[in-house]
Colleague: 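Following this message is one structure expressed as structure tokens.
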There are 2 protein chains.
Amino acid sequence: MKANHAVIALSALAQDHRLSAFRLLVQAGPDGLPAGQIATQLDIPNSSLSHHLAQLAEAGLVHQRRDGRSLIYSADFAAMRGLVDFLTENCCGGGDCETTAMPMETRQP
Amino acid sequence: MKANHAVIALSALAQDHRLSAFRLLVQAGPDGLPAGQIATQLDIPNSSLSHHLAQLAEAGLVHQRRDGRSLIYSADFAAMRGLVDFLTENCCGGGDCETTAMPMETRQP
DNA sequence: CGAACATTTCGATAAATATCGAAATGAAAG
DNA sequence: CTTTCATTTCGATATTTATCGAAATGTTCG
């Protein structure tokens, strides 16, 4: 991932409605959700949501597919992972570093 | 982490210079770097950088300490991890989900 | 084909943000 | 205590962004 692309992805997530939409899609899993359902759950006008979904799609964080007359959006998990990896890349100079070495699943809060 | 806080943190990272500064600090590790040195490496005026560092600090992603006449900034690794966890929270409905279960260290590119 | 439906594009306005030089703050050294 | 140095605050400008209604696009069904 290039820094420029990371900024685009982070900007896409750095907004209330877009972050909520993305998290809905992350939780929905690979099946995704139709645009209208997202708009309903977030309680914002379709036109506003469409703008936001386009921005997430442009950043490569979500994808669109058609099902009947609905457009289904789904999260791109690989893109999300790539972004996370970019943030922690070469952490602490690249040597062993207990601050990031702990796998997500075994972390203590 | 609350959604509102996540948006603040993501906004802080969603900018060229701030993302570069943050990554410099991530790579520098717990010792951090003085503000002036960051400004030099990024080749931006001190006043601009100061604005950006303040925003990162407000988001809780970096901390400031004084050393002589320099102000040393360092990344907050726990905050970064909290943000990442928030993004992937309850992924795919909370069930097992191979898309995020792979620990960062063992991922294949 | 024509009506009903889901979503996007357009256009206009309001609000937030990045930028940088100049002046101000605060700490150290002579 | 005055000078020097590192950094921040101020102020002003230009750019980007969020918002939403209305109109347009593309799809299905009768």
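Please read these numbers as outputs of a predicted model, since none were measured by experiment. Chain letters run A, B, ... following the sequence lines, proteins first, then strands; residues in each count from 1.
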Colleague: Specify the separation, in whole Å, of atom CG of A:L19 and atom P of D:dA18.
Modeller: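 That distance rounds to 13 Å.
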Colleague: Do A:R81 and A:F86 form a cation-pi contact, if we require the NZ or CZ to be under 6.0 Å from the six-membered ring centre and within 45 degrees of the ring's axis?
Modeller: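 Judged by the rule (NZ or CZ under 6.0 Å from the ring centre, within 45° of its axis), A:R81 is not positioned above A:F86.
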Colleague: Partners of B:H17 by side chain to side chain contact (heavy atoms under 4.5 Å, CB included), sequence neighbours excluded?
Modeller: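 With sequence neighbours excluded, B:H17 shows a side chain to side chain contact (heavy atoms under 4.5 Å, CB included) to B:Q15, B:I44, B:H52, given in chain and number order.
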Colleague: Taking only the side-chain heavy atoms of A:Q15 (C-beta and beyond), determine which of C:dA18, D:dT19, D:dT8 contains the nearest atom.
Modeller: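 Closest nucleotide to the A:Q15 side chain: D:dT19.
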Colleague: Nearest 0.5 Å please: distance from the CG atom of A:L71 over to the CZ atom of A:R66.
Modeller: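 Reported value, rounded in 0.5 Å steps: 4.5 Å.
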Colleague: Looking at the side chain of A:S50, which of D:dT8, C:dT8, C:dT19 is the nearest nucleotide?
Modeller: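 Of the options given, the side chain of A:S50 lies nearest C:dT8.
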Colleague: Base, sugar-phosphate alone, or nothing: which one does B:S70 contact when heavy atoms must sit under 4.0 Å apart?
Modeller: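 Contact class for B:S70: sugar-phosphate only.
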Colleague: Is there a donor-acceptor pair closer than 3.5 Å between any side-chain N or O of B:D76 and the backbone N or O of B:A79?
Modeller: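 Yes: the side chain of B:D76 pairs with the backbone of B:A79.
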Colleague: Phosphate oxygens OP1/OP2 of D:dA18: is one of them under 4.0 Å from a side-chain N or O of A:R18?
Modeller: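 So the side chain of A:R18 is within the cut-off, an N or O lying under 4.0 Å from OP1 or OP2 of D:dA18.
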Colleague: Let me know the distance between NE2 of B:H52 and C1' of D:dT8, rounded to the nearest Å.
Modeller: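 Whole-Å distance recorded here is 14 Å.
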Colleague: Report yes if a side-chain nitrogen or oxygen of B:Y73 is closer than 4.0 Å to either non-bridging phosphate oxygen (OP1 or OP2) of D:dA6; otherwise report no.
Modeller: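 No, B:Y73 has no side-chain N/O under 4.0 Å of OP1/OP2 on D:dA6.
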Colleague: Roughly how many Å is it from CD in B:E58 to C1' in D:dT8, rounded to a whole number?
Modeller: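 Spelled out: CD on B:E58 to C1' on D:dT8 is 15 Å.
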Colleague: If only atom types and distance count, is the side chain of A:R23 paired as donor or acceptor with the main-chain N or O of B:E89 below 3.5 Å?
Modeller: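 No; judged by distance alone, with no hydrogens or angles, the pair does not exist.
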Colleague: Whole-Å distance between C:dT7 P and A:Q64 CD?
Modeller: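 Distance, rounded to whole Å: 10 Å.
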Colleague: Using a cut-off of 4.0 Å on non-hydrogen atoms, how would the nucleic acid contact of A:H17 be classed: base, sugar-phosphate, or nothing?
Modeller: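 Sugar-phosphate contact only.
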Colleague: What nucleotide, of D:dA18, D:dT8, D:dT27, holds the atom closest to the side chain of A:Q55?
Modeller: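 Side chain of A:Q55 sits closest to D:dA18.
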Colleague: Mind checking if B:Q37 touches a base, just sugar-phosphate, or nothing, with heavy atoms under 4.0 Å?
Modeller: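 Answer is nothing: B:Q37 stays at 4.0 Å or more from every strand.
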Colleague: Within this structure, what is the CG-to-C1' distance between A:L42 and D:dC20, rounded to whole angstrom?
Modeller: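 Atom CG in A:L42 sits about 16 Å away from atom C1' in D:dC20.
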Colleague: Of all the choices, D:dT8, C:dT9, D:dT19, which nucleotide is nearest to the side chain of A:S47 once you look at every atom?
Modeller: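 My answer, after comparing the listed nucleotides, is C:dT9.
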Colleague: C:dG21, C:dA27, C:dT7: which one has an atom nearest the side-chain heavy atoms of B:P45?
Modeller: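 Nearest nucleotide to the side chain: C:dG21.
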Colleague: Taking only the side-chain heavy atoms of B:L71 (C-beta and beyond), determine which of D:dT8, D:dC20, D:dC29 contains the nearest atom.
Modeller: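 Among the listed nucleotides, the one closest to the side chain of B:L71 is D:dT8.
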Colleague: Among C:dT8, C:dT19, D:dT19, which nucleotide has an atom closest to any side-chain atom of B:H51?
Modeller: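 The listed nucleotide nearest to B:H51's side chain is C:dT19.
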Colleague: Tell me what B:S48 touches on the nucleic acid: a base, only sugar-phosphate, or nothing, going by heavy atoms under 4.0 Å.
Modeller: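 Touches a base.
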Colleague: Any chance you could measure B:L53, atom CG, to B:E58, atom CD, to the nearest 0.5 Å?
Modeller: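 CD of B:E58 is found 13.0 Å from CG of B:L53.
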Colleague: Rounded to the nearest Å, what distance is computed from the CG atom of residue B:N46 to the P atom of nucleotide D:dC10?
Modeller: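 In whole Å, D:dC10 P and B:N46 CG are 17 Å from each other.
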Colleague: A:L49 has an atom CG; how far is it from atom P of D:dA18, in whole Å?
Modeller: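 Atom CG in A:L49 sits about 13 Å away from atom P in D:dA18.
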Colleague: A:R69 side chain: which of D:dT8, D:dA18, C:dC5 is closest?
Modeller: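 So the side chain of A:R69 is nearest to C:dC5.
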Colleague: Taking CZ from A:R66 and C1' from C:dT8, how many angstroms apart are they, rounded to a whole number?
Modeller: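 So the two atoms are 10 Å apart, to the nearest Å.
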